[in-house]
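Indexing begins at 1, ligand by ligand and atom by atom, following the structure's order.
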Amino acid sequence: MSAPIRATVLISGNGSNLQAVIDKVAEGQLNTTLVRVLSNRKDAFGLERARKANIPTLYHNLVKYKKQHPATTEGVQAAREEYDAELARLILADGPELVICLGFMHILSPQFLEPLEKANVRIINLHPALPGQFNGVNAIERAHAAWMEGKIDKTGVMIHDVISEVDMGKPILVKEIPFQKGRDEDVDAFGTRVHEIEWGTVIEGVGMVLKELQGQKQ
Ligand SMILES: Nc1nc2c(c(=O)[nH]1)N[C@@H](CN(C=O)c1ccc(C(=O)N[C@@H](CCC(=O)O)C(=O)O)cc1)CN2
Ligand SMILES: NCC(=O)N[C@@H]1O[C@H](COP(=O)([O-])[O-])[C@@H](O)[C@H]1O
């Protein structure tokens, strides 16, 4: 087996998708070394999941940057750009070949994207919607509301490349989820069903990208 691809995972919350990846790596089913798990939220349970798996962690805090700038539109933008530039430096210091966003609730600016592109680091993201639909946060709830209003009959989850335009990067793997009358009316139960589909999609999608990166190294 080729040398494992070095990957950094970005999270903000529970980390159930991170756990799915950790478990598959431990089983030898994903040829990657998770070099670090980084969160923008200190209380992210995913950090605990990483610590239990002996994966290095880091909490990168935006508030510290916001305090150094006025609370104006320009000041907040400057803070975010400084945050993102440092985020890129912190991640590149670990020498990853791949960055995987798994519930990372921060829009990445060119100050992050450009240094990683220059270093030839691939960035992918898990998003609980179909391409071009419900970009951004709360996608599951928004799709469910649209179904309840009779506007759509399916949603989905996808792994996609990360570009500046949020959730508009090239889809890598898409799993459609048709809504089921008499089963999906409860939004919480539907969310659980989506998350279970996500776990499998993350494993399959990350596996596809790892194979692609391995091929590029041959
Ligand atoms: N430039 C990109 N950045 C990110 C992408 C992307 O495709 N391009 N994917 C996301 C993940 N994501 C959806 O999959 C996403 C996460 C967060 C937001 C957002 O609006 N964040 C707000 C803060 C919201 C909060 O703290 O609850 C913000 O950053 O101001 C949109 C989409 C990862 N980043
Ligand atoms: N726009 C990004 C987004 O909504 N991502 C979503 O955050 C959740 C993270 O769950 P987890 O922390 O249990 O892996 C997942 O549902 C993921 O699709």
Side-chain angles (χ1 to χ4, degrees), residues 8-24 34 37-50 53 57 60-63 65-66 71 73 75-85 87-88 91 99-117 121-144 155-175 177 187-188 190-206:
T8 297
V9 179
L10 306 186
I11 63 166
S12 297
N14 178 33
S16 67
N17 286 282
L18 166 67
Q19 190 65 59
V21 172
I22 288 172
D23 293 345
K24 284 299 176 188
L34 300 182
V37 172
L38 186 148
S39 174
N40 64 334
R41 294 179 186 168
K42 195 172 188 177
D43 61 349
F45 185 65
L47 291 174
E48 182 57 29
R49 295 179 190 267
T57 62
H60 187 43
N61 174 15
L62 177 60
V63 173
Y65 295 81
K66 285 187 170 179
T73 302
V76 170
Q77 184 61 24
R80 290 180 69 104
E81 290 177 357
E82 287 177 17
Y83 173 91
D84 280 8
L87 179 65
I91 288 173
V99 171
I100 310 169
C101 298
L102 296 179
F104 186 59
M105 305 308 281
H106 174 85
I107 297 175
L108 294 160
S109 69
Q111 280 66 27
F112 176 84
L113 299 172
E114 288 172 4
L116 267 77
E117 185 178 15
V121 177
R122 186 90 175 265
I123 312 170
I124 64 176
N125 178 56
L126 166 68
H127 185 57
L130 293 174
Q133 285 193 355
F134 307 109
N135 293 347
V137 296
N138 303 319
I140 296 172
E141 295 78 7
R142 290 155 58 203
H144 185 267
T155 186
V157 300
M158 65 171 170
I159 301 290
H160 66 89
D161 279 309
V162 170
I163 62 174
S164 184
E165 193 178 1
V166 174
D167 297 332
M168 291 303 285
K170 180 182 173 227
I172 296 162
L173 180 62
V174 180
K175 298 285 187 182
I177 306 175
V187 65
D188 292 331
F190 178 67
T192 300
R193 185 156 89 87
V194 172
H195 290 315
E196 289 167 356
I197 294 167
E198 282 188 312
W199 302 331
T201 305
V202 162
I203 299 310
E204 186 179 350
V206 168

Exercise for review: Output yes when Glu204 and Lys175 qualify as a salt bridge under the 4.0 Å nitrogen-oxygen rule, no when they do not.
Suggested key: yes

N or O contact, [X] vs ligand 1, cut-off under 3.5 Å:
X	result
Cys101	no
Ser109	no
Met168	no

Review point. Parallel, tilted or perpendicular: which describes the rings of His127 and His160, with under 30° parallel and over 60° perpendicular?
Key: perpendicular

Exercise for review: Take the angle between the ring planes of Phe190 and His144 and call it parallel below 30°, perpendicular above 60°, tilted in between.
Suggested key: tilted

Point to revise | Geometric N/O contact Asn17 with ligand 2, under 3.5 angstrom | key: yes

Point to revise | N or O pair under 3.5 Å between Asn125 and ligand 2 | key: no

Review point. Does CD in Glu117 sit with more than 12 non-hydrogen atoms of other residues, nucleotides or ligands closer than 6.0 Å?
Key: no

Review point. Where the closest heavy atom to atom 31 (C) of ligand 1 is concerned, which of Ala139, Gly136, Ser164 has it?
Key: Gly136

Exercise for review: Pick whichever of Phe134, Phe104, Phe112 has a heavy atom sitting closest to atom 10 (C) of ligand 1.
Suggested key: Phe104

Out of all atoms in ligand 1, which are within 4.0 Å of some heavy atom of [X]? Include the element for each.
X	value
His160	7 (O)
Val137	17 (C), 18 (C), 19 (C), 20 (O)
His127	13 (C), 14 (O)
His106	4 (C), 16 (C), 17 (C), 29 (O), 33 (C), 34 (N)
Asp167	6 (C), 7 (O), 9 (N), 12 (N), 13 (C), 14 (O)

Within ligand 2, which atoms have a heavy atom of [X] less than 4.0 Å away?
X	value
Glu198	15 (C), 16 (O), 17 (C), 18 (O)
Gly103	5 (N), 7 (O), 9 (C)
His195	16 (O)

Can you report which non-hydrogen protein atom sits closest to [atom], along with the distance?
atom	answer
atom 8 (N) of ligand 1	Ile163 O, 2.8 Å
atom 32 (C) of ligand 1	Val166 CG1, 3.4 Å
atom 24 (C) of ligand 1	Met105 O, 4.0 Å
atom 3 (N) of ligand 1	Leu108 N, 2.9 Å

Does ligand 2 have any atom that is closer than 4.0 Å to a heavy atom of [X]?
X	answer
Gly15	yes
Gly136	yes
Val137	no

So is [X] touching ligand 1 or not, going by heavy atoms under 4.0 Å?
X	result
Arg41	yes
Arg80	yes
Asn40	no

Exercise for review: Using modelled atom types only, decide if a donor and an acceptor are shared between the side chain of His195 and the backbone of Asn17 within a distance under 3.5 Å.
Suggested key: no

